[in-house]
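In what follows, a structure is listed as structure tokens, so that the remarks can point back to it.
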Amino acid sequence: MELPQVLVLGPPSIFPYLESQFPNRFFFLKPWLYNLPLTQFLTSYAQSTQALLIRGGGSTQLTSAIIDCLPSLKLVVTSSVGVDHLDLPELRRRGVAIANAGNLFSEDAADMAVGLLIDVLRKVSAGDRFVRQGLWSKKGDFPPGLKLSGKRIGIVGLGKIGSEVAKRLEGFGCKVSYNSRTKKSMAPYSYYSNVYELAANTEALIICCALTKETYRLINKEVMQALGKDGVIVNVGRGLIIDEKEMIRCLIQGEIGGAGLDVFENEPNVPEELFNLDNVVLSPHNAVMTYESKVELSKLVVNNLEAFFSNTPLVSPVVD
Ligand SMILES: O=CC(=O)O
């Protein structure tokens, strides 16, 4: 029997694992094995392709130019929660269904956000470098960090990930506030309709929202200045939610206190100015990826593809 065909763009970091764990379910069309420009590959080999699996995280964009080369496309499965790399209006216009990672990563992303916050405040990575470089015996005591317990923390985006972050921070005795499009009636935290006000009233901002037209460079110079010189930014959302150049300037000039960054504007390229800053912790867009989430995500992707090919409802559809 002919296997259902799935075009792979990216490819997602879980792809080799997924392919090895679920053999003989699909025929994966892999453009990177052909020595052709992508659009030429698609017009030569993907004219009947109905299903597409794409990497998330912004480094592979599904543009209208690519969609134009796929006249039979009916399903896009992205291995991410974020869908900012997909041309959603164009996919909707063509009636293409979309599935993402649903809520699979919320706990891992929240764990990492809190980990980055603790690392920046308590200088875990900086202290590690100090010891490894043999500076402890040469220079003596390492400067103290800042306390987490009891801090006022602002969460930008109280969706599933933001709510998990809030839950964890409550355990540290933090006073949690948040900003989101609308006030959540059930959330027991102070709501600020304006991110500037949130920054002015908190000591750290944790960015957990999606990248949209509204959140593009939401964290700008004014917000960072409102956060202040001891203020910390943690970003597990998308790099483009922060004005990255301005953040670097604020970090260098001491206008904010530090940053824990899992995401960047132009991944995998990270501005080199950040490498020399001891008050910055860098992570390679890995907040969502644990061994367990890789296993679960592979199953979810396969379940969505199988649902599509057997004409049953998607397991984790993206709905407007
Ligand atoms: O950044 C990761 C994701 O959107 O899943």
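The shown structure was predicted, so the numbers you read here are calculated from the model rather than taken from an experiment. Ligands are counted one by one from 1 in listed order, and the atoms in each one are counted from 1 as well.
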Quiz question: by atom type and distance under 3.5 Å, do the side chains of Gln225 and Glu255 form a donor-acceptor pair? yes

Tabulated below should be the N or O atoms of ligand 1 paired with protein N or O atoms at under 3.5 Å; can you produce that?
unit_1	atom_1	unit_2	atom_2	d
ligand 1	1 (O)	Arg238	NH1	2.8
ligand 1	1 (O)	His285	NE2	2.6
ligand 1	4 (O)	Val81	N	3.2
ligand 1	4 (O)	Gly82	N	2.8
ligand 1	4 (O)	Arg238	NH2	2.8
ligand 1	5 (O)	Val81	N	2.7

According to a 4.5 Å side-chain heavy-atom criterion applied to Ile, Leu, Val, Met, Phe, Trp and Tyr, with indirect links allowed, do Val281 and Ile219 form part of one hydrophobic cluster? no

Let's go through Ser64 and Glu90 carefully: what are the C-alpha distance in whole Å and the side-chain angles of both, what is the deciding distance for side-chain hydrogen bond (donor to acceptor under 3.5 Å, both in side chains) to 0.1 Å, and is it a yes or a no? CA-CA 6 Å; Ser64 60; Glu90 184 59 16; 5.8 Å; no

For Gln253, what residues pass the side chain to side chain donor-acceptor pair (under 3.5 Å) criterion, not counting sequence neighbours? Arg249

Taking only residues two or more places apart in sequence or in another chain, which ones pass side chain to side chain donor-acceptor pair (under 3.5 Å) with Glu214? Thr212

Residues at least two apart in sequence or cross-chain that pass salt bridge (Lys or Arg N to Asp or Glu O under 4.0 Å) with Lys183, listed by chain then number, are none

